[in-house]
Amino acid sequence: MIKYTLQCQDGHQFESWFQNASAFEKLATAGMVACADCGSAKVTKSLMAPALPTKGNVTAPKPPLEKIKEQVEANSDYVGLSFAQEARDMHDGVIPERAIYGEASAKDAKKLIDEGVPVLPLPFIPSKKAN
């Protein structure tokens, strides 16, 4: 895993974890990396200092994925495989907006991004439960 400091075209900075450098490039090129503040998919890597191990700290700390997962699952509705349709319907005003998470194919996720629907990939596999 590698952590990058990212910046959108509006200057918002945020951090995200990727499996490796090529994974970031592939996702960014597909428009699947978006700003955590404004949702812009025009995101670049910022300059950052490398994480150097210190005495007693030989490995880099793990990302707080469990905390992120708990927050998403506690504050969002799991919609499973209907994620793409639910997100599109909210964006189009067909149904009221609410926080959701679920599953979508890469093709469906790219379609949503191309349509301007603000979506982000989750850095974890969601629990399959309805809220």
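These values consider heavy atoms only, across backbone and side chains, with no hydrogens, waters or symmetry-generated copies.
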Derivation of the side chain to side chain contact (heavy atoms under 4.5 Å, CB included) call for E115 and H91: CA-CA 9 Å; E115 294 170 12; H91 180 72; 5.7 Å; no
As an exercise, state the distance from [atom1] of [X] to [atom2] of [Y], rounded to the nearest 0.5 Å.
{"X": "I100", "Y": "D77", "atom1": "CD1", "atom2": "CG", "value": "8.5 Å"}
{"X": "L120", "Y": "L27", "atom1": "CG", "atom2": "CG", "value": "11.5 Å"}
{"X": "Q9", "Y": "S40", "atom1": "CD", "atom2": "OG", "value": "4.0 Å"}
{"X": "Q19", "Y": "I2", "atom1": "CD", "atom2": "CD1", "value": "11.5 Å"}
{"X": "H12", "Y": "C38", "atom1": "NE2", "atom2": "SG", "value": "5.0 Å"}
{"X": "Q13", "Y": "L6", "atom1": "CD", "atom2": "CG", "value": "9.0 Å"}

Modelled atom types, side-chain donor and acceptor of Y78 and E103, under 3.5 Å: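 E103 and Y78 do have a side-chain donor-acceptor pair below 3.5 Å.
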Which atom of [X] lies closest to which atom of [Y], heavy atoms considered:
{"X": "C35", "Y": "V43", "value": "N-CG2, 3.8 Å"}
{"X": "I68", "Y": "P123", "value": "CG2-CG, 4.5 Å"}
{"X": "S76", "Y": "Y101", "value": "CB-CD2, 3.5 Å"}

Same cluster (ILVMFWY, side-chain, under 4.5 Å), F83 and M90: yes
Joint cluster assignment, V94 & V117, ILVMFWY side-chain distance < 4.5 Å: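 Yes, same cluster.
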Backbone N/O of S22 and side chain of N20: donor-acceptor pair under 3.5 Å: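 Side chain of N20 to backbone of S22, a donor-acceptor pair under 3.5 Å: yes, one is there.
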Donor-acceptor pair, side chain of S82 and main chain of V79, under 3.5 angstrom: yes
Side chain to side chain contact (heavy atoms under 4.5 Å, CB included) evaluation trace for T5 with F14: CA-CA 6 Å; T5 300; F14 58 100; over 6 Å; no
F24: partners by ring pair (Phe, Tyr, Trp, His ring centres under 6.0 Å), with sequence neighbours left out: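 Ring pair (Phe, Tyr, Trp, His ring centres under 6.0 Å) list for F24, sorted by chain: Y4, F18.
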Worked check of side chain to side chain contact (heavy atoms under 4.5 Å, CB included) between I95 and E86: CA-CA 8 Å; I95 61 175; E86 293 258 347; 3.6 Å; yes
Can you give the donor-acceptor pairs under 3.5 Å from side chains of residues 106-114 to other protein atoms, not counting sequence neighbours?
| unit_1 | atom_1 | unit_2 | atom_2 | d |
| --- | --- | --- | --- | --- |
| D108 | OD2 | S105 | OG | 3.4 |
| K110 | NZ | D114 | OD1 | 3.2 |
| K110 | NZ | D114 | OD2 | 3.3 |

